[in-house]
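Structure, as structure tokens:
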Amino acid sequence: MKAMILAAGLGMRMRPLTEKIPKPLLYVNGAPIIHYTLNFLKKYGITDVVINLHHLAEQIRENLGDGSSFGMNITYSFEPEILGTGGGIKKAEKYLSDSAFIVINSDILIDVDLNDVIRFHKERNATATMVLRKDENVEKYGAIGIDKENRIRQFLNIIKSDEAVTRLMFTGIHILEPKIFAYLPEKGCINHLAYPEMIKKGERVFGYVMDGYWRDLGTPEAFSSAKKELMERSL
């Protein structure tokens, strides 16, 4: 299975740090964030990776190279104009269209059993599986509602549901089948454009609920917390 790391963002919430350094290369306890992401994928045997680039792209290319120093094979998808999460994945279709693939944000730290997520996805014959988690601030992030079978029935404020759902938040990692490319926009967000359309059309979209460690590194406060947390755990 291949993976795509979304790394094209401007890192607006981390300015002024990200004016000269792309967010994926900001250090957390001795290593750039994106190194944690690559090591996480490799732990589960994922060695073919596509990374989309835009902001300060050459710095990421120079740091990671072809991936051989990680025992991986890295391909880059450069976006002259930033395309958003949906458009970025769409542009990389030629690298990912042969089988199911993983997409992960470059600004998260996560400890989830990826093999179990893949098993879950395959057993349900899912078109897409989002890794979700409980959070007391779920409304702040935008709630994803799943039914008793873990099928996604409510999506942010776009898709409503009359049935009882468990409201969870998206962690920034999902498994997608090539069928997703028919729903992806040339430019725009996968969550706001592709997922709602898939759910409306009855595609099998599920939520895998994790309970391990997760941290979004989008803000200076989150970076500070992550540094302390990583001293107590190994990722």
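Throughout, numbering of the chain's residues begins at 1 and tracks the sequence.
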List in chain and number order the residues that pass side chain to side chain contact (heavy atoms under 4.5 Å, CB included) with L6, two or more places apart in sequence or in another chain; answer none if no residue qualifies.
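For L6 the side chain to side chain contact (heavy atoms under 4.5 Å, CB included) partners, ignoring immediate neighbours, are M4, N52, T85, I89, V103, N105.
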Sequence neighbours excluded, which residues qualify as side chain to side chain contact (heavy atoms under 4.5 Å, CB included) partners of F78?
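Checked F78 against side chain to side chain contact (heavy atoms under 4.5 Å, CB included); matches are L53, A57, R61, P80.
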Which distance, rounded to the nearest 0.5 Å, do you find between the [atom1] of [X] and the [atom2] of [Y]?
X: L96; Y: S77; atom1: CG; atom2: OG; value: 9.0 Å
X: S161; Y: R151; atom1: OG; atom2: CZ; value: 12.0 Å
X: L26; Y: I21; atom1: CG; atom2: CD1; value: 6.0 Å
X: E197; Y: F155; atom1: CD; atom2: CZ; value: 12.5 Å
X: N115; Y: K43; atom1: CG; atom2: NZ; value: 9.5 Å
X: Y183; Y: K201; atom1: OH; atom2: NZ; value: 5.5 Å

Compare every heavy atom of [Y] with every heavy atom of [X], then report the nearest pair and how far apart it is.
X: I82; Y: G9; value: CD1-CA, 3.9 Å
X: I152; Y: F206; value: CD1-O, 3.5 Å
X: S225; Y: R215; value: CB-NH2, 3.5 Å
X: P24; Y: A7; value: CG-CB, 3.9 Å
X: A3; Y: I46; value: CB-CG2, 3.6 Å
X: E177; Y: H121; value: OE2-NE2, 2.7 Å

Between the side chain of [X] and the main-chain N/O of [Y], is any donor-acceptor distance below 3.5 Å?
X: S224; Y: P220; result: no
X: Y36; Y: I110; result: no
X: N63; Y: Q59; result: no
X: N150; Y: G207; result: yes

According to salt bridge (Lys or Arg N to Asp or Glu O under 4.0 Å), who are the partners of [X], at least two apart in sequence or on a separate chain?
X: D147; value: R153
X: R204; value: none
X: E123; value: R119
X: D113; value: none

Side-chain donor-acceptor pair under 3.5 Å between D48 and Y95, yes or no?
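No.
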Side chains of [X] and [Y]: closer than 4.5 Å at any heavy-atom pair?
X: F40; Y: L114; answer: yes
X: K2; Y: D98; answer: yes
X: I34; Y: L25; answer: yes
X: E93; Y: L184; answer: no
X: L38; Y: I74; answer: yes

Please identify which of these residues, [options], meets the side-chain contact (heavy atoms from CB on, under 4.5 Å) condition with [X].
X: P196; options: I158, L156, N191; result: I158
X: I5; options: L41, I102, I60, V50; result: L41
X: V205; options: M198, R124, H174; result: M198
X: Y208; options: V117, L132, I173, T171; result: V117

[Y] reachable from [X] in the ILVMFWY side-chain graph, under 4.5 Å edges:
X: L193; Y: Y195; result: no
X: I104; Y: Y44; result: yes
X: F170; Y: I190; result: yes
X: I118; Y: V209; result: no
X: I146; Y: I159; result: yes

salt_bridge(E79, K91) N-O dist < 4.0 Å
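Answer for the salt bridge query: no.
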Taking atom [atom1] of [X] as the centre, does the number of heavy atoms from other residues, nucleotides or ligands within less than 6.0 Å exceed 12?
X: N157; atom1: CG; answer: no
X: E163; atom1: CD; answer: yes
X: D211; atom1: CG; answer: no

What verdict does the side chain to side chain contact (heavy atoms under 4.5 Å, CB included) test give for L64 and Y76, after you've listed the backbone C-alpha separation in whole Å, the side-chain angles of each residue and the deciding distance to 0.1 Å?
CA-CA 10 Å; L64 303 181; Y76 297 100; 3.3 Å; yes
Test side chain to side chain contact (heavy atoms under 4.5 Å, CB included) on V49 and T37 and set out the steps.
CA-CA 11 Å; V49 177; T37 309; over 6 Å; no
How are the rings of F101 and F181 set to each other: parallel, tilted or perpendicular (split at 30° and 60°)?
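Parallel.
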